Amino acid sequence: MKVRLDAVLNWLGRNSPDVLCLQELKTTDEAFPFAELLDAGYHAVTNGQKTYNGVAILARLEPTDVVRGMGDDDLQARLISAMVGGIRVVSAYVPNGAEVDSDKYVYKLAWLARFSEWFSTSFSTADEIVLCGDFNMAGTELDLHRPAQWEGTVIWNPRMREEYARLTQIGLVDIYRNLNPAAAGYSWWDYRMNGFARNNGLRIDYVMATPALSRKAVSAWIDKAERATERPSDHAPVIVDFDLG
DNA sequence: ATGGCATAATTGTTATGA
């Protein structure tokens, strides 16, 4: 977040979103730049962690009813939720999982199972809920520039396709894919091997919403230009416009 | 089979990401 603060402030200034969800803060709540963001017109609530993980919700309105984590003993800061203007907002950083035969992948699967349970028991899909995050999984072949290159990895394998399907089964609609059924919509490109220049990308960052809210989504797009700036994140912003009436 | 590139922790190197 330190190295990306100027990029975030510039992006907020140019796009003026009502809400921005962040993942991989890699900083503690104490070191988070609340004052700079407030000067730019944004309140922030964070679930930070030193060096790794960390998630936040930025909003023009002050978020209320903040929930950090899933109420368990998970030591990794990967989830935060709050009410913003009558809508439940969730920012999530799904574990990557490293390798399919690793403890990290075991943790990823357990985290996803806990998430579905937590989401289903905490909220009603009749309510307006938006879930934004780095999901570290592709859902269909359209989400990968080179599916064969990724098949069998922690990002793209039969189990991950099931996990993506489970998100829809618990009542979430993938807004970008719903509005853009044929566009790739990559949100991540590898820093290495000229991944961006060759468009060797993945769509692993999603904005999902309950049906009641998804019906109000009018557009969704990936800000690919942000990935082409100086010292960019390897992820690009995913933007959804809702017509809330 | 490995590294490739970047970040945060630190100042030489490791852990992690996807």
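Only a predicted model underlies this, so the values are computations on that prediction, with no experimental measurement involved. Proteins get letters first, then strands, A, B, ... in listed order; numbering begins at 1 in each.
The residue among A:Q49 and A:M193 whose nearest nucleotide of DNA chain B lies closer to the 5′ end is A:M193.
The P atoms of B:dT16 and B:dA1 are separated by 22 Å, rounded to the nearest whole Å. Here, B:dT13 and B:dG4 have their P atoms 16 Å apart, quoted to the whole Å. The same atom, P, is picked in B:dA6 and in B:dT2; the two are 23 Å apart, to the nearest Å.
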Which protein N or O atoms sit under 3.5 Å from an N or O of nucleotides 14-18 of chain B?
from: B:dT16; atom 1: OP2; to: A:K104; atom 2: NZ; distance (Å): 3.4
from: B:dA18; atom 1: OP1; to: A:E24; atom 2: OE1; distance (Å): 3.1
from: B:dA18; atom 1: OP1; to: A:D134; atom 2: OD2; distance (Å): 3.1
from: B:dA18; atom 1: OP1; to: A:H235; atom 2: NE2; distance (Å): 3.2
from: B:dA18; atom 1: OP2; to: A:Y93; atom 2: OH; distance (Å): 3.1
from: B:dA18; atom 1: OP2; to: A:N136; atom 2: OD1; distance (Å): 3.2
from: B:dA18; atom 1: OP2; to: A:N136; atom 2: ND2; distance (Å): 2.9
from: B:dA18; atom 1: O5'; to: A:N136; atom 2: OD1; distance (Å): 3.2
from: B:dA18; atom 1: N9; to: A:N96; atom 2: ND2; distance (Å): 3.3
from: B:dA18; atom 1: N7; to: A:N96; atom 2: OD1; distance (Å): 3.4
from: B:dA18; atom 1: N7; to: A:N96; atom 2: ND2; distance (Å): 3.4

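Ionic pairing of A:D72 and A:R114 is present here: one or more N-O contacts between side-chain nitrogen and carboxylate oxygen are shorter than 4.0 angstrom. Using a 4.0 Å cut-off between charged side-chain N and carboxylate O, A:E162 and A:R166 make no salt bridge. Here A:K108 does not pair with A:E99 in a salt bridge; the nearest charged N to carboxylate O distance is not below 4.0 Å. Taking a cutoff of 4.0 Å between a charged side-chain nitrogen and a carboxylate oxygen, A:R4 and A:E24 do not qualify as a salt bridge.
Seen from the ring of A:W156, A:R161 counts as a face-on cation partner, given the 6.0 Å and 45° thresholds.
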In residues 132-141 of chain A, what donor-acceptor pairs under 3.5 Å come from side-chain atoms, sequence neighbours left out?
from: A:D134; atom 1: OD1; to: A:N136; atom 2: N; distance (Å): 3.1
from: A:N136; atom 1: ND2; to: A:V94; atom 2: O; distance (Å): 2.7
from: A:T140; atom 1: OG1; to: A:L142; atom 2: N; distance (Å): 3.4

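Rounded to an integer number of Å, the gap from CH2 of A:W189 to P of B:dA6 is 16 Å. The CD-C1' distance, from A:Q149 to B:dG4, rounds to 12 Å in whole Å. Rounded to an integer number of Å, the gap from A:E230 CD to B:dA6 P is 11 Å.
Phosphate proximity of B:dT7 to A:R4: present, with a side-chain N or O under 4.0 Å from OP1 or OP2. OP1 or OP2 of B:dA9 has at least one side-chain nitrogen or oxygen of A:K2 nearer than 4.0 Å.
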